[in-house]
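Read the structure below first, then the notes.
Atom set for the values below is all heavy atoms of this structure, side chains included, hydrogens, waters and symmetry mates excluded. Keep in mind that what you see is a predicted model, and the values were worked out from it rather than measured.
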Amino acid sequence: MIEVTHKISIPSILEVGKGNIGNLGQLIKKGMFKKIAIYFGEGIYELFGEIIEKSVREAGIEISNVAAVTNIDFQEVAVKAFEIPNDVEALIGVGGGKAIDVVKYMSFLRKLPFISIPTSTSNDGFSSAGASLTLNGRRMSIPAKTPYGIIVDIDVIKGAPEKFIYSGVGDLVSNITAIYDWKFEEDNNKTTVDDFAVMISKKAVNSFVRTEFKSIRDDLFLKELVDSLTMNGIAMEIAGNSSPASGSEHLISHALDKFLENPELHGVQVGIATYIMANVQQHRVSRITKILSSTGFFDYVSTLKMKKSDFKKAVEMAKDIKPNRYTYIHIDKNIELAKKIIDENEILSKILI
Ligand SMILES: [Zn+2]
C-alpha cells in the first residue's frame with residue numbers, strides 16, 4: 001500500500017524577534033523542562049553566556065552543565081552525548097553552524113528535545129534535520145532530527161559580521177535553482193517532487209526577495225531571512241531529503257569544500273553557484289542578479305578573490321558529489337556551458353579572479 005499522506009515533525013517553539021536571548025527562560029517554559037544543558041559555539045559564551053544563564057535560572061529551570069563546542073568530529077560528538085547526565089531533559093545549542101550541528105546530533109542520539117539558537121544566519125542548518133559533522137576529517141551531512149525549538153534574537157543576528165548575512169542570502173536564493181533542478185529531475189523520470197515541499201521552498205524565497213529594505217541589517221529584512229531559512233528546514237523535512245533547498249548549486253559548493261584549503265562560508269559559495277546555474281538554466285536570472293546586487297552580495301564576494309579556475313574545477317566535479325541525482329549539472333553539455341559562463345559572464349568576471 002502506498003501511504004497517501006505523510007507525517008512530519010515541526011518545531012513546537014518558534015520565536016523570531018528582538019530581545020529573545022535575554023528572555024530565553026520564559027520562551028522555553030512551554031517545554032516544562034526541569035533541567036537542561038547549554039552548549040555554546042566558540043567565543044559565544046563570552047557574549048551571551050551570562051544573560052542566558054540568568055534568564056534560564058530566573059524561569060526556575062536548573063542548568064546541569066554549560067560547555068563550549070569546538071570539535072565537530074562525529075565520534076567525539078557521540079562520546080560527549082553519552083556523558084550527558086540522565087536527568088537532563090533538553091539540550092540547547094547557541095552559536096553559529098558548528099554548535100548547532102553538534103548539539104542537534106547529541107540530542108538525536110540521546111532522544112532529547114533540541115533547542116536551536118543561531119547567533120548568525122549563515123545557512124538553513126539551524127532549522128533543518130541534518131547535522132553537518134566530520135567523519136575521518138571529511139565533512140558529511142548526517143541525518144539527525146528537526147529542532148524542538150528555534151529561537152532567534154534579531155538584535156544578535158544584526159550584530160553578527162555581514163559575511164554571515166550574505167551567506168544566509170546565498171543559501172536562500174539557491175532555492176530558485178534547486179527547485180528548477182528538482183523539477184528537471186522529475187521531467188526526466190528520475191524522481192518525484194513533493195508538491196508541498198516545492199510550494200514552501202518557493203514561498204520562502206519569493207517572500208524574501210520581494211521584501212523592501214534600505215540596509216541588510218533592517219529588522220524586517222533579517223526577520224524575513226530567518227523566517228525563510230526556517231521554512232527551508234521544514235521543506236526538507238516534508239520532502240525527506242534536501243532537494244527542495246539544494247540542487248546543482250549546492251553540489252558545486254560541496255565540490256569546492258573538497259579541494260579548497262580554506263573554503264568560504266557555505267552560503268557564499270552557494271550564492272555564486274546559484275548565479276552560475278541560473279544562467280545555465282536560463283531561469284530567473286534577472287531576479288537572482290537583482291537580489292545579489294542590491295544586497296551587496298556581489299560586492300562582498302569581490303573582496304574574497306575567489307578564482308574562476310576553482311569554480312570551473314568544481315563544476316566538473318559536481319555531478320560526482322551526488323551521482324544518484326540528475327540536476328542540470330549532471331548533463332555534459334551544461335558542464336561546458338557553466339564553464340563558458342564562468343569565463344565570459346560580465347558579473348563573474350568582476351567578482352572572481
Ligand atoms: Zn545550504
Side-chain angles (χ1 to χ4, degrees), residues 120-124 157 160-181 201-218 220-229 231-232 245-254 256 263-308 310-312 314-315 318 328-329 337-353:
S120 65
T121 50
S122 53
N123 57 60
D124 52 29
I157 301 295
E162 61 177 12
K163 63 179 179 181
F164 295 115
I165 301 175
Y166 287 131
S167 181
V169 170
D171 204 26
L172 183 57
V173 172
S174 78
N175 288 18
I176 297 174
T177 44
I179 291 292
Y180 210 65
D181 275 326
S201 170
K202 276 191 181 172
K203 290 273 176 195
V205 67
N206 286 341
S207 151
F208 172 72
V209 298
R210 288 171 190 152
T211 302
E212 289 189 19
F213 63 95
K214 286 202 179 70
S215 142
I216 57 166
R217 293 186 200 275
D218 283 0
L220 180 64
F221 180 86
L222 291 171
K223 172 139 173 56
E224 278 289 328
L225 179 62
V226 171
D227 285 351
S228 293
L229 288 170
M231 285 162 81
N232 270 9
S246 167
S248 51
E249 74 299 317
H250 269 69
L251 299 179
I252 295 171
S253 172
H254 294 324
L256 288 171
E264 296 297 338
L265 287 171
H266 169 78
V268 170
Q269 295 182 166
V270 164
I272 304 163
T274 297
Y275 178 73
I276 295 169
M277 288 315 299
N279 277 281
V280 171
Q281 296 172 342
Q282 278 303 304
H283 176 67
R284 297 192 75 187
V285 177
S286 60
R287 174 54 96 175
I288 289 167
T289 308
K290 192 177 166 205
I291 188 77
L292 295 180
S293 308
S294 62
T295 50
F297 177 95
F298 283 142
D299 291 336
Y300 168 70
V301 170
S302 66
T303 66
L304 301 175
K305 310 231 177 307
M306 295 185 83
K307 295 193 185 103
K308 282 188 173 191
D310 288 337
F311 275 94
K312 286 195 276 184
V315 156
Y328 269 75
I329 210 65
L337 179 56
K339 282 157 64 182
K340 193 169 161 353
I341 287 163
I342 293 167
D343 270 331
E344 295 173 5
N345 179 278
E346 209 178 315
I347 289 176
L348 293 173
S349 295
K350 272 191 205 144
I351 63 172
L352 305 176
I353 57 170

Any donor-acceptor pair under 3.5 Å from S253 side chain to E249 backbone: no
Side chain S167, main chain K163, donor-acceptor under 3.5 Å: no
R217 to L222 - nearest heavy-atom pair and separation: O-CD1, 3.8 Å
Residues F208, V169; criterion side-chain contact (heavy atoms from CB on, under 4.5 Å); working and verdict: CA-CA 9 Å; F208 172 72; V169 170; 3.9 Å; yes
Parallel, tilted or perpendicular, as decided by the 30° and 60° cut-offs, for the rings of Y275 and F298: perpendicular
Atom pair CD1 (I347) and CG (L292), whose distance is rounded to the nearest 0.5 Å: 8.5 Å
Spacing of CG belonging to N123 relative to CZ belonging to F164, to within rounding of 0.5 Å: 10.5 Å
side-chain contact (heavy atoms from CB on, under 4.5 Å) assessment of L172 paired with D124: CA-CA 8 Å; L172 183 57; D124 52 29; over 6 Å; no
Over all atoms of both residues, closest heavy-atom pair of A160 and S120: CB-CB, 4.1 Å
Pairwise distance OG(S228) to NZ(K223) - rounded to 0.5 angstrom: 9.5 Å
Determine all donor-acceptor pairs shorter than 3.5 Å in which one atom belongs to a side chain in residues 300-307; sequence neighbours excluded.
from : atom 1 : to   : atom 2 : distance (Å)
S302 : OG     : D299 : O      : 2.6
T303 : OG1    : Y300 : O      : 2.5

Backbone N/O of N279 and side chain of Q282: donor-acceptor pair under 3.5 Å: yes
Shortest non-hydrogen separation from S246 to A178 and the atoms involved: N-CB, 3.4 Å
Smallest separation among heavy atoms of G168 and L229, with atom names: O-CD2, 3.9 Å
L352 side, atom CG; I276 side, atom CD1 - distance, nearest 0.5 Å: 6.5 Å
Which atom of F221 lies closest to which atom of T211, heavy atoms considered: CA-CG2, 4.4 Å
Residues H283, I176; criterion side-chain contact (heavy atoms from CB on, under 4.5 Å); working and verdict: CA-CA 8 Å; H283 176 67; I176 297 174; 3.9 Å; yes
Any M277 side-chain heavy atom under 4.5 Å of H250 side chain: no
Side chain K308, main chain D343, donor-acceptor under 3.5 Å: yes
Test side-chain contact (heavy atoms from CB on, under 4.5 Å) applied to H266 and D171, step by step: CA-CA 7 Å; H266 169 78; D171 204 26; 3.2 Å; yes
Spatial distance of atom CD1 (I272) from atom OG (S174) [nearest 0.5 Å]: 12.5 Å
Non-hydrogen side-chain atoms of F297 and I216 separated by less than 4.5 Å: no
Nearest-0.5 Å distance that lies between atom OG1 in T274 and atom CD1 in I252: 8.5 Å
Minimum side-chain heavy-atom gap L220-F213 below 4.5 Å: no
N345 (side chain) donor-acceptor with L348 (main chain) under 3.5 angstrom: yes
Heavy-atom closest pair, residues D181 and Y328: OD1-N, 2.9 Å
